[in-house]
Amino acid sequence: MSDAVEQLPARILVVDDEIEIVLFIRELLVIHGYQVDGISDARKALDTVRTFRPDVCILDFRMPHLPGSALLEIIKKEDHSIQVIFLTGEVDTSLAVQMMKGGALDYLLKPVDLGQLSHAVTRALEHRRLVLENEAYHLQLERLVAEKTQALNDALRSLTHVHSATLDALSMALDFRDQSTSGHSRRVAKLTKGAAEAFGIDGSQLLQIEHGSLLHDVGKLKIPDSILWKPASLDEQEWSTMRKHPGYGYEFLSGIEFLKDAAELVHAHHEKFDGSGYPRGISGEEIPFGARVFAIIDAVDAMIYKRPYNTPITFREAAAEIRRCAGTQFDPELVEGTLAYLEQHIPKHLL
C-alpha cells in the first residue's frame with residue numbers, strides 16, 4: 001500500500017433551470033477531473049448540498065421558484081466555506097456588486113466561456129482551501145491559547161499556594177515572637193477578609209486585604225525585644241519606637257511585588273478615622289478601605305481575647321465600645337456592617 005494519501009477530486013454542484021447548460025458544464029468539468037452533480041430545480045439544491053457536500057457551487061442568477069441570490073444565502077448558511085460562482089446573461093455592474101456583497105466569489109456572463117469557467121473554478125477551489133486553512137489555523141491558535149492560559153492559571157494557583165504557605169509561616173513567626181497575641185494574625189485576617197467580602201469586595205483586592213491583615217504587625221520584627229516583651233507600661237521614648245512598626249512593615253512589604261497593596265493596609269492599620277492615629281495621621285477615606293475594616297476587627301479581637309494588659313470582655317461589651325468610638329477611631333459607615341459580620345462568625349462563648 002502506498003504511503004501517500006490519495007486526494008479526492010473536488011466536488012462541484014451546478015444549478016441552472018436550463019438542463020442543457022447543466023449537462024454542458026457538467027461534461028466540461030468531469031473532463032477536468034472534478035466530481036460533478038447538476039440539477040435544474042433550485043428547490044432541490046439544499047438537499048443536494050447536504051448530501052453531495054460540494055466545494056464549489058455554480059448557480060444561475062435568474063431561476064424560477066428560487067432566485068440565485070436567495071439560494072446563495074441558503075448555501076452560505078449551510079456551509080460558509082462553499083464557494084459560489086454565478087452565471088448571468090445580464091451585463092450590469094450593480095448586479096455584480098450585489099452578488100459579491102452576498103458572498104459570491106465570482107460571476108460569469110452567458111454564454112459561458114470555457115477558459116473563464118475553468119479559471120473561475122480553479123480560483124474558487126484555491127480560495128476555499130485558504131479559507132479552511134485559515135480557520136484551522138485560528139482553531140489551533142485558540143487551542144494553544146487555551147492550553148497556555150490553563151498552564152498559566154495552574155502556575156498562578158501553585159504560586160498562590162506557595163505565597164499562602166509563606167505568609168502563614170511568617171505570621172506564625174510573628175505570633176511566636178509576640179506571644180501575647182498567639183493566633184491573633186490568622187484570626188483577624190480571616191475575619192477581615194470575610195467582613196470585606198460581605199461589603200462586596202472580591203478578587204485581587206480581597207486577597208490583598210487578607211494578606212495585609214495577616215501581616216499587619218510584620219514591622220514589629222524591627223522592634224527590640226526589650227520593648228516588645230516589656231511587662232510594664234512603655235515610656236514615651238519606647239512608645240515612639242513602637243509607633244514606627246507600621247512604617248517598618250510598609251518598607252518591608254512594598255518591595256515585594258505581590259504584596260504592594262497589602263503594604264498599604266499594613267502602613268495604615270493604626271490610623272484613626274479622625275486623623276489622630278499613627279504613623280501619618282491620615283483620616284477618613286485617605287485610610288484604605290481594608291485598613292478601616294481591619295481597625296474595627298483588630299480592636300474587637302484585642303478586647304474579647306485575653307492579653308497581658310487587659311481582662312477580656314464580651315463581644316457585646318466590645319461592640320458597645322466600637323460604637324462609642326464611631327466617627328473618631330472608626331469609620332461610622334463600616335461599624336454596623338462589620339459588627340454584624342463578627343457577631344455571626346466569632347465563637348459563641350465570646351458573645
Side-chain angles (χ1 to χ4, degrees), residues 160 163-164 166-175 177-178 180-181 184-197 199 201-225 227-228 234 236-302 322 325-335 338:
T160 298
H163 287 169
S164 296
T166 301
L167 298 182
D168 280 339
L170 185 54
S171 70
M172 190 179 298
L174 290 171
D175 284 346
R177 186 160 189 263
D178 187 358
S180 66
T181 61
H184 166 74
S185 297
R186 171 46 62 190
R187 195 165 57 237
V188 295
K190 182 178 179 181
L191 290 171
T192 303
K193 176 189 176 185
E197 195 169 19
F199 279 112
I201 305 301
D202 59 12
S204 62
Q205 185 182 1
L206 185 65
L207 185 63
Q208 290 296 310
I209 287 173
E210 181 185 16
H211 288 169
S213 302
L214 184 66
L215 300 176
H216 65 279
D217 274 342
V218 69
K220 287 184 177 179
L221 290 172
K222 288 189 68 174
I223 302 300
D225 291 347
I227 294 176
L228 195 62
L234 301 180
E236 187 54 41
Q237 185 176 355
E238 289 168 334
W239 263 119
S240 178
T241 300
M242 180 65 86
R243 289 190 184 99
K244 292 178 181 178
H245 81 268
Y248 291 151
Y250 175 78
E251 291 172 6
F252 180 61
L253 298 183
S254 61
I256 302 173
E257 185 63 33
F258 79 98
L259 292 174
K260 281 188 174 180
D261 290 335
E264 297 295 338
L265 187 154
V266 171
H267 204 189
H269 77 278
H270 278 298
E271 302 290 356
K272 296 182 179 179
F273 194 73
D274 64 359
S276 63
Y278 64 88
R280 292 172 291 167
I282 58 177
S283 63
E285 293 190 1
E286 291 179 297
I287 305 169
F289 174 85
R292 282 179 276 144
V293 175
F294 172 83
I296 299 169
I297 291 172
D298 187 48
V300 170
D301 189 88
I322 296 295
C325 296
T328 54
Q329 186 171 348
F330 308 112
D331 185 343
E333 296 295 322
L334 301 179
V335 164
T338 304

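Reckoned from all heavy atoms, side chains included, excluding hydrogens, waters and symmetry mates.
Nearest heavy atoms, Ala268 versus Pro288: CB-CD, 3.6 Å. Closest approach of Leu234 and Ile227 over heavy atoms only: CD2-O, 3.6 Å. In plain terms, the two heavy atoms of Ile223 and Met242 that are nearest each other are CD1-CA, 4.2 Å. The minimum heavy-atom distance linking Ile287 with Lys272 is given by the pair CD1-O, 3.4 Å. Closest heavy-atom contact between Ile282 and Glu271: N-OE1, 3.3 Å. Of all heavy-atom pairs between Val293 and Ala195, the closest is CG1-CB, 3.9 Å.
His267 meets the side-chain contact (heavy atoms from CB on, under 4.5 Å) test with Tyr250, Pro279, Arg280; sequence neighbours excluded. Residues satisfying the side-chain contact (heavy atoms from CB on, under 4.5 Å) criterion with Ile256, sequence neighbours excluded, are Leu253, Phe258, Leu259. Remark: Asp261 pairs with no residue by the side chain to side chain donor-acceptor pair (under 3.5 Å) rule, at least two apart or across chains.
Side chain of Glu286 to backbone of Ser283: a donor-acceptor contact under 3.5 angstrom is found. No donor-acceptor pair under 3.5 Å is formed between the side chain of Glu210 and the backbone N or O of Lys193. Without hydrogens or angle criteria, Ser213 side chain to Ile209 main chain gives a donor-acceptor distance under 3.5 Å. Of the possible donor and acceptor atoms, none in the side chain of Thr192 sits under 3.5 Å from a partner among the backbone N and O of Ala189.
Taking CD from Gln208 and CD from Gln205, the interatomic distance works out to 9.5 Å, rounded to the nearest 0.5 Å. Here Gln329 contributes atom CD and Ser276 contributes atom OG; the two are 7.5 Å apart, rounded to the nearest 0.5 Å. Taking CG from Leu191 and CG from Asp298, the interatomic distance works out to 11.0 Å, rounded to the nearest 0.5 Å. How far CD1 of Ile296 is from CG of Asp301: 13.5 Å, rounded to the nearest 0.5 Å. Atoms CG and CZ, on Leu334 and Phe273 in that order, are 8.0 Å from each other to the nearest 0.5 Å. Atom CG of Leu265 is separated from atom CZ of Phe294 by 6.5 Å, given to the nearest 0.5 angstrom.
Electrostatic pairing of Arg243 and Glu238 does not count as a salt bridge here, judged by no charged N lying under 4.0 Å from a carboxylate O.
For the pair Arg186/Leu214, a side-chain contact is recorded, criterion being any heavy-atom separation below 4.5 Å from C-beta on.
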- Test log, rule side-chain contact (heavy atoms from CB on, under 4.5 Å), inputs Glu285 and Asp331: CA-CA 9 Å; Glu285 293 190 1; Asp331 185 343; 5.6 Å; no
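Using bins of under 30°, 30° to 60° and over 60° for the plane-to-plane angle, the ring pair His245/Tyr278 lands in the perpendicular bin.
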